[in-house]
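Since the model is a prediction, treat every value here as computed from it, not as a measurement. Chain A is the first sequence line, chain B the second, and so forth, proteins listed ahead of strands; every chain is numbered from 1.
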Amino acid sequence: MSQSYDRGLVEDFGRWRDFSAGMWAWVFHKFTGWVLIGYLFTHIAVLSTAIPAAGGTGGIYTTTLQGLEELVIVRILEVGLLAVAVFHILNGVRLLFVDLGVGLTAQDKSFYASLVLTGAIVVASVPTFLTGAF
Amino acid sequence: MADHYSSFSRHSTGWLLQRLTAVFLIGVLAFHFMLLHFVNHAYEITFMGTQARMQEPGYLLTMVAFLVTAAFHGINGVYNALVNQGLEGTQRVVVKYGLAIAGVLLVAQGIRVAMAMTGTTIL
Amino acid sequence: MHEHDVIVVGAGGAGLRAAIAAQEEGADVALVSKLHPVRSHTGAAEGGINAALRDGDSWEDHAYDTMKGSDYLGDAPAIETLCQDSPEETIQLEHWGMAFSRDDDGRVSQRPFGGLSFPRTTYAGAETGHHLLHTMYEQVVKRGIRVYDEHYVMQLAVTDHEDPEDRRCRGAVAYDIKTGEVNGFVANNGVILATGGPGQMYDHTTNAVANTGDGPAMAYRAGVPLEDMEFIQFHPTTLPSTGVLITEGVRGEGGILYNKEGERFMFEHGYANNVGELASRDVVARAELDEINAGRGFEDDYVLLDMRHLGEERITDRLENIIHLSEDFEGVNPLEEPMPVKPGQHYAMGGIETDENGETCISGLYAAGECACVSVHGGNRLGGNALPELIVFGARAGRHAAHREKGESQIKTGPSAKTEDGVVDTPVTPGEVRSDGNVAADGGSKTASDGGALLDAPANEVVNRAVERERARVERLMERDGTNHAEIRSDLQKTMTANVNVFREEEGLKQALRDIRDCRERYLDVAVSDPSRTFNTDLIHTIETRNLIDLAEALTLGALAREEFRGAHWRAEFQERRDEEWLKHTMVAWNEGRPELYFTDVILEGENKEYEPKIRSY
Amino acid sequence: MSTQIQEQETEEQADEQPGEAVPAQQQRRMEQKREQAAEDDRQREAVESSLDGQETRTLKVFRYDPEVEGKKDPRFDEFVVPYRKGMTVLDALMWARDTYDSSLTFRHSCRQAICGSDALFINGSQRLGCKTQLSELSNPVRVEPLPHQEVVKDLVVDMQHFYDQMDAVEPFFKEEDVPDGLEEQRQSRENREKVKMSTRCIWCGACMSSCNIAAGDNEYLGPAAINKAYRFAMDEREGEALKQERLNILEQENGVWRCQTQFSCTNVCPKDIPLTEHIQELKREAVKNNLKFW
Ligand SMILES: Cc1cc2nc3c(=O)[nH]c(=O)nc-3n(C[C@H](O)[C@H](O)[C@H](O)COP(=O)(O)OP(=O)(O)OC[C@H]3O[C@@H](n4cnc5c(N)ncnc54)[C@H](O)[C@@H]3O)c2cc1C
Ligand code: HEM
Ligand code: SF4
Ligand code: F3S
Ligand code: FES
């Protein structure tokens, strides 16, 4: 909404500190959604190396992918992607329940549960993801 | 009431499809992750392996469906997010078609890639 | 300058109903209110609406109960109109979608209430007023009635005839709170005042901060007498810090009152040996104050109301909202501690004198709701009788002002209804401090300071003049330096609470008159310190304080004059009802700045019966 | 009351310089007010020091006035107020206004959470001033006007947009086919229970202010208006055809679909209305309703 002056200037505290569970869930879901769609685009771009590879033995495709996979940064990003995807899924499930009108009063708890579960799953899969990266 | 017979004229469609695609995606995305990161490791990926999987018609179809739903879900999601922030008028029309075109290109390219993976090159 | 057929001042239950009625009669109506309509205090009413709807009940019974409750100071034509019209008006609300509580058969629920011979209090949970207010506002939106919200009406535009009964009300002047503009409102047909209660005269009240009696004060200064102002209802159980009402239901369910000594004083000190806490409102209120005055109150201020023994289950089942009220507004969890309570001002039975069509003695000026006194409540209002008053007399005033319903009225108004002069011995002269004839400065009487008296002048000329005066008044208040009104208001409230409360003694009443006089004198140099034109609440409150002073004075004069105990009015020196002498209405008229006291007859002659004053006992 | 002497003064002044009367007066006033300011500060210190030894709370209150020099740029003022048990934020604001600065502006009326006037942003959350105990809050207590609404002055925001959104859902009972005379429409207890919570809205605007979607998109109906529509759509006294009409309004672009289930509206509602639940139920109603025609 338009404001005749900038209210931000006089606010000595950031509003985000005061966000409640539902708002954080919304922010995270949005963020993760955008990351995922962004990833989908890059993913397809990378996989496009399969097209020139199709005729031959798949050299370009394999080298591109394995080359990328050798980079530590890519591995770490992959873990990040996992975290993002897992959170988006779990919170997505939470939202689907909310849409069905189930468990509305526990919406904050289910959000915290999504966070905790995401954390757990990500930690658990770190070994698999980082195998051979270092 | 009388003047609408199809849900397509309604804003509920987008909302409903977003949820339905989400339900589908839960399954496939989990499957995808399991298969490519835990069963087969990403760093071991080779074209051969990919080709082997993709030549399975069921798998191919699933992956294409995955692509289409994810593209719809993601792009519709982005569009909604923008509209929720008050995107209006021409800007909105531009964004809408921009996103739609991007989505179509994504899916087209994705299908080309998928076909290539089976070994057939199209276009 | 705005122009409409009917201008309704105030958008609580009475104002909204009036506007709808006038609109239905084809008039172009505008609501002018200092609050947005849904913020009106009608929303606070909890209990319900009395209406004889069921088999076995009749309007006659309702009328009998009301007359008895009024301690025979109500006027029969008014009471009978109320009871006859209430069923229809109540069902009208249902037809407009009001969310009444329901019985198993799907009909609206009714419950018993104090002083009623039949359970006829129709309710919507414990928030009847909220639903009533919102339902009617919805209808106003539906009809597209023009609402000027956050417009503070400062003065009425009335012609200058010598005799108030010849005067005509041509409109009103309002201050647009948001922009600071002073605007005229021309009313082609009439102005209806529906400004609600004057609870802010007291420092402890169940009324809202906006309930400052502006309507009665404006009408009073325009020449309409105020009727039976000394009758103020005090509620025995209000929270000490805010005045929030704790419903009688708590005592009904078995709540106990006790004092600092831990005594259940209602019994132990013999205030009501049979019914104890369940005695009527005035008895319990007096008992509480007796205890506090005898030094047996807590912090010399309150007693305790304990309901813990009822058990959590029963409390949450029947009195759930009390837990919230007590926690939210007093910080006390009533499941763990007793609640502090004390008597608080609750309702004004008196107000602007009107007939049963809501018309005052000034033609084109109407009043309805708590600000008016048709007289249905007489000396004491029964619970659940105020909401029907809003809809019944609101609708009648609206229709009448739209000039469709021109029935003769049985109740006579104005100075010509006088039957007896009043004499009262006052320690100071009441009224204007400087009686130099020019009182326009503060809301003005009839004197035309600028160009002669306006008698048959066109409406907009009368309104224009009023606008000029009000502009000058605002300018003056804004630009000069002086006292802040808040101190004056607070002193006024203190003296009213100390001296014109539940207990009234001659000396105390006289002291109050002295203090009111003092407030008046100090008000001479009142000034607004906020220099802004935008949303200047300081200015609004300053003007309101003036209105409170005028009303407090009229009230105290009435209380000093009435030497008997009737209804809510108790006098230490005269602890009995004295029908031979006092079966009459007290009138106070602002006679060019000098309050004049006189009396009129009470009408006990009903449609088909005469009401015999009996002893009021339950 | 007569204040004739003063009145004559102003009239004379006005006669002397009719054109400039207003600015001149204003100047004079401003000067005086400036002179006063110093004195006010002293007074204020006096009051504050008289509170020594008492339990106090500090309010940090947002101040803004487009017209007044020094308040054009928003700032926070601090007020020290004596504390007593049971004291609410509104009590504290009133005390500060009546004691320190009568220009401190905020809406309030009922003091009992029923008029909906005093929804404020208190310590980072939308709450009613009158329903918020100081004892629940950390000190100092920060009081601001509702976010996402235009500030008129100090704590007063412009509510017009909120009212417009309410009006947009046709917030009134529309059934015309009602029984004659003294016959009421029947409504089951269950149905009354179903709409009960939704009828409790006091139009305070807290929910709307807390919703990020409503903040970003001015057209979104917002939780309160949707809840209002729910109140009628679910009321069995209005027939099916009317329910359909109501769903048509709610289903528009800016209706229920905008809601992203943030739950902040439900969290802040002082009347504990399950807003998100109502909105979600309407979304499902709308979907069901459309599937019927598929
Ligand atoms: C806590 C409580 C509980 C109650 N419970 C019951 C009950 O159960 N049953 C019952 O029958 N009665 C009850 N009453 C009494 C009843 O609610 C009131 O008498 C009634 O609501 C008054 O309505 P009104 O329309 O006259 O005034 P209000 O609803 O007070 O409306 C006054 C209107 O006038 C406007 N206004 C005032 N001054 C000005 C001005 N200068 N310029 C412009 N506008 C102005 C205000 O903005 C407001 O819109 C209760 C009262 C209280 C306080
Ligand atoms: C795997 C299961 C998934 C589930 C359960 C899921 C669930 C959801 C749901 C319910 C929403 C709607 C939120 C709302 O409108 O309130 C949403 C939004 C979104 N999703 Fe997903 N999703 C999943 C996968 C994906 C994938 C794979 C992508 C990327 C391609 C994606 C991208 C998005 C985007 C961009 C949004 C919009 C976010 C926003 O509001 O800004 N989602 N998701
Ligand atoms: S829904 Fe709740 S928060 Fe929103 S306006 Fe109504 S009462 Fe206030
Ligand atoms: S905060 Fe807003 S997003 Fe929906 S749940 Fe409430 S309306
Ligand atoms: S003052 Fe009425 S809601 Fe707070």
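For the set C/L35, C/N536, C/V108, C/T206, the entry with the most heavy-atom pairs within less than 4.5 Å of chain D is C/V108. Annotation: maximal heavy-atom pairing with chain C below 4.5 Å, among D/T88, D/I114, D/N191, occurs at D/I114. Each of C/Q92, C/H131, C/E88, C/H541 has some count of heavy-atom pairs under 4.5 Å with chain D, and the biggest count is that of C/H131. Each of C/N207, C/D104, C/L239, C/V244 has some count of heavy-atom pairs under 4.5 Å with chain D, and the biggest count is that of C/D104. Note: D/V156 leads D/D91, D/D235, D/V156, D/T132 in heavy-atom pairs under 4.5 Å with chain C. Interface check for chain D: of the options C/G431, C/S326, C/A44, the most heavy-atom pairs under 4.5 Å are formed by C/A44. Taking chain D as the reference chain and counting heavy-atom pairs below 4.5 Å, the highest number among C/G331, C/S40, C/A210, C/G97 is found for C/G97. Between chain C and the residues D/F106, D/F232, D/F173, the largest count of heavy-atom pairs under 4.5 Å involves D/F173. Most heavy-atom pairs under 4.5 Å with chain C: of the set D/R189, D/R107, D/H108, this distinction falls to D/R189. Interface summary for chain D: among C/D105, C/V332, C/L539, the most heavy-atom pairs under 4.5 angstrom belong to C/D105. Among the candidates D/T99, D/T199, D/L104, the residue making the largest number of heavy-atom pairs closer than 4.5 Å to chain C is D/T199. With chain C as partner, the option from D/P66, D/S117, D/S188 having the largest number of non-hydrogen pairs under 4.5 angstrom is D/S117.
Between D/K131 and C/H324, every side-chain heavy-atom pair lies at or beyond the 4.5 Å cut-off. A heavy-atom distance below 4.5 Å is found between the side chains of D/Y163 and C/H36. Side-chain contact between D/D98 and C/S490 is absent, with no heavy-atom pair separated by less than 4.5 Å. Here the side chains of C/I91 and D/E183 are not in contact, with every heavy-atom distance at 4.5 Å or above.
Within a 6.0 Å sphere centred on NZ of D/K174, other residues, nucleotides and ligands contribute more than 12 heavy atoms. Applying the 6.0 Å contact sphere to NZ of C/K178 captures no more than 12 heavy atoms from other residues, nucleotides or ligands.
By the 30° and 60° cut-offs, the orientation of the rings of C/Y137 relative to D/W203 is perpendicular.
Heavy atoms of C/H134 lying under 4.5 Å from chain D belong exclusively to its side chain. Residue contact with chain D, scored on non-hydrogen atoms closer than 4.5 Å, is absent for C/T90. C/T205 touches chain D through backbone and side chain together, each having a heavy atom under 4.5 Å away. For C/E327, the part lying under 4.5 angstrom from a heavy atom of chain D is the backbone only. With a 4.5 angstrom heavy-atom cutoff, D/R231 touches chain C only via side-chain atoms. Heavy atoms of C/A208 lying under 4.5 Å from chain D belong to its backbone as well as its side chain. The contact between D/R192 and chain C is made entirely by side chain atoms (from C-beta outward), counting heavy-atom distances below 4.5 Å.
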**OP:** Carefully, step by step, assess D/E176 and C/K142 under the rule salt bridge (Lys or Arg N to Asp or Glu O under 4.0 Å).
**Re:** CA-CA 12 Å; D/E176 301 281 344; C/K142 180 176 182 189; 3.1 Å; yes
Subject >> Verdict with reasoning, C/R54 to D/E184, per salt bridge (Lys or Arg N to Asp or Glu O under 4.0 Å) >> reply: CA-CA 12 Å; C/R54 295 281 182 268; D/E184 66 256 52; 3.7 Å; yes
**OP:** Assess whether side chain to side chain contact (heavy atoms under 4.5 Å, CB included) is satisfied between C/H41 and D/C115, documenting all intermediate values.
**Re:** CA-CA 7 Å; C/H41 205 53; D/C115 74; over 6 Å; no
Original post:
Does the side chain to side chain contact (heavy atoms under 4.5 Å, CB included) test come out yes or no for C/V209 and D/M94, once each step is laid out?
Top reply: CA-CA 11 Å; C/V209 177; D/M94 287 166 71; 4.2 Å; yes
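The CD1 atom of C/I177 sits 11.0 Å away from the OG1 atom of D/T105 when rounded to the nearest 0.5 Å. Here the CD-CD1 distance, from C/E127 to D/I202, works out to 11.0 Å after rounding to the nearest 0.5 Å. We find the CD-CD distance between C/E94 and D/Q187 to be 7.5 Å, quoted to the nearest 0.5 Å. Distance CE/D/M159 to CD/C/E150: 9.0 Å, rounded to 0.5 Å. To the nearest 0.5 Å, atom CD of residue C/E330 and atom NZ of residue D/K85 are 7.0 Å apart.
Listed here is the closest heavy atom pair of D/C130 and C/F329: O-CE2, 3.1 Å. In terms of heavy atoms, C/S241 sits closest to D/R84 at CB-NH1, 3.3 Å. Residues D/K153 and C/S532 share a closest heavy-atom pair of NZ-CB, 3.7 Å. Nearest heavy-atom pair, C/R102 versus D/Q185, reported as atom, atom and distance to 0.1 Å: NH1-O, 2.8 Å. Taking both residues in full, the closest heavy atoms of D/G116 and C/R39 are given as O-NH1, 3.2 Å, listed atom of the first, atom of the second, then distance.
Salt-bridge annotation for D/K71 and C/D530: absent, with no side-chain N of the basic residue lying under 4.0 Å from a carboxylate O of the acidic one.
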